[in-house]
Amino acid sequence: MKAKLIVNRHYQIGEIDKRIYGSFIEHLGRAVYGGIYEPGHKTADEMGFRRDVIDLVKQAAVPVVRYPGGNFVSGYDWEDGIGDKAKRPKRIECAWQSIETNEIGIDEFQAWAQRAGAEVMMAVNLGTGAPADAKNLLEYCNMETDTRYANMRRENGFEKPFGIKLWCLGNEMDGPWQMGHKTAEEYGRIAAETAKLMKWVDPEIELVVCGSSNYDMPTFGEWELTVLQHTYDLVDYISLHQYYGNQANDTPAFLARSVHMDRFIKGVVAICDAVKAKKHAQKTINLSFDEWNVWYHSNGEKLAKWQTGQPQLEDIYTFEDALLVGCMLMTLQNNCDRVKLACLAQLVNVIAPIMTENGGRAWLQTTFYPYMYASLYGRGTTMRTVAECDCYGESIPYLESSVIHNEEKRELTVFAVNRSLEADMELALSFEGFGELLPVSHVELYADDLKATNSADAQVVAPVARDLSGCKGAGQSVSLRKHSWNMLIFRY
Ligand code: AHR
């Protein structure tokens, strides 16, 4: 099969905000307890954080981590998780029917994030919580005043404020499964009042208001319109969440889901801009795709209730899942003019690219690799390309691609998935305006078996270096194997 990718130096989509390579840690299953935190583990540091996990998070250069939920946050009292550990209450946690020991709270997570080189994106409880709780939490984290909550932070050993910039106004408030679920009208009002208070406390923060929990929610569209009518002037981003699965075992349809994701993004952009026009506003609302991933292998699992650190949602990812994750990352990159934040949900053990054994090894799922390479090499400007290739089904192109120009490094990075399950692809590259290009590297992720998985014992699906030396970029071709993910780097 033949395909062509045309890139012209003058045609760009926009600058990538590195925060689109963010991730997410929720108090859920073994994400915190047994994931990032395991005192007694041989790699644990003095706070009980696993150094082997931190090293893998750093390997992917994860810039920002959303915390502490997720559904969890909608019942969370952040004051339970600060101060003397011996005095912290144990609580029933209703979202995931577990017991929260509160051994880890905001102070510890902030310390973990610093060690991992990431910024914290904090979610506040707008389910069972009130605007005042969010205001107090913000005072605790960011204020230097001689006042109750700022002083509480000092008493807990943190003289300097954390300076947390990104804040989510609740989580999935449109979902009936959410504690404190609200109508768009109810949520719009409480989100506006909370945003107002929070920006009075710290005008430097950026706020994310909840959009729809997925594109197929019956309230999609109306929800965004109503919520933005109430909050437009007070918030900076609106959230999108979306998970995909291959329940029907239809791989071509599964690999096409990034096209659905693209439609979702464009739909939300249109709604934001409609509200902007209606309000005669100058300001533009951007998008925070703060939960996205493949999630379905663990659907329907039955677990004992009221446990701590029990394995939950531990999807073991296949090679085809990694292909879709790669395509979804390209979709985020190709929408970087409006998607400024995004979080792969989640980071450790729970629907995660990084897995741990209790007391044992940490290992990488198939999905880690496209995520890591996008985060490391997908920084710069996304180019507006013209791609010519055959399509299947409902106009799904066999080629999914993105091209990132890193001016500082004088590099062009092409991310590409060949969705065909049968045919290799001869991809002709036409780069205009960059002069002579030198091939630097071709990294490929490929497995014969679409259902291949990794484990602590075997990295069956792992990237390999391919020879790119014959490909000088302009007018030349590179071969992309059937159902493969690829990263090609050229220097000029
Ligand atoms: O990431 C798992 C869950 O998915 C989150 O808690 C929730 O926000 C979403 O429904």
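Whatever order the structure lists them in is the order used to number ligands and atoms, beginning at 1.
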Exercise for the section: Taking all non-hydrogen atoms of both residues into account, name the closest pair between Asn454 and Val461 and its distance. Expected result: OD1-N, 2.7 Å
Handout entry: Contact (N/O only, under 3.5 Å) between Gln346 and ligand 1
Key = yes
Practice task
For the residue pair His260 and Tyr244, categorise the inter-ring angle as parallel (less than 30°), tilted (30 to 60°) or perpendicular (more than 60°).
Solution key: perpendicular
Problem - Geometric cation-pi criterion Arg153 and Phe158, 6.0 Å radius, 45° cone - result: no
Practice task
Report the part of Trp96 (side chain from C-beta onward, or backbone N, CA, C, O) that has a heavy atom under 4.0 Å from ligand 1; answer both or neither where that applies.
Solution key: side chain
Practice task
Compute the ring centroids of His27 and Tyr67, then answer whether they are less than 6.0 Å apart.
Solution key: yes
Handout entry: Minimum-distance protein heavy atom relative to atom 8 (O) of ligand 1
Key = Glu291 OE2, 2.6 Å
Exercise for the section: Measure up the Tyr377 and Tyr373 rings against each other and bin them: parallel (under 30°), tilted (30 to 60°), perpendicular (over 60°). Expected result: parallel
Completion exercise
Here the atoms of ligand 1 under 4.0 Å from any heavy atom belonging to Glu172 are 7 (C), 8 (O), 9 (C), 10 (O)
Exercise for the section: Using non-hydrogen atoms of the residue, decide whether Val350 is closer than 4.0 angstrom to ligand 1. Expected result: no
Completion exercise
Tyr243 heavy atoms within 4.0 Å reach ligand 1 at atoms 1 (O), 2 (C), 4 (O)
Fill in the blank from the handout: Note: ligand 1 atoms sitting under 4.0 Å from heavy atoms of Gly70 are 5 (C), 6 (O), 8 (O)
Handout entry: Numbering as shown, the atoms of ligand 1 that approach Ile351 to under 4.0 Å (heavy-atom distance)
Key = 1 (O)
Problem - Lys87 atom NZ, over 12 foreign heavy atoms within 6.0 Å - result: no
Exercise for the section: Report yes or no: does a heavy atom of Phe72 sit under 4.0 Å from some atom of ligand 1? Expected result: no
Problem - Glu26: numbered ligand 1 atoms lying under 4.0 Å from its heavy atoms - result: 5 (C), 6 (O)
Exercise for the section: Measure up the Tyr446 and Phe319 rings against each other and bin them: parallel (under 30°), tilted (30 to 60°), perpendicular (over 60°). Expected result: perpendicular
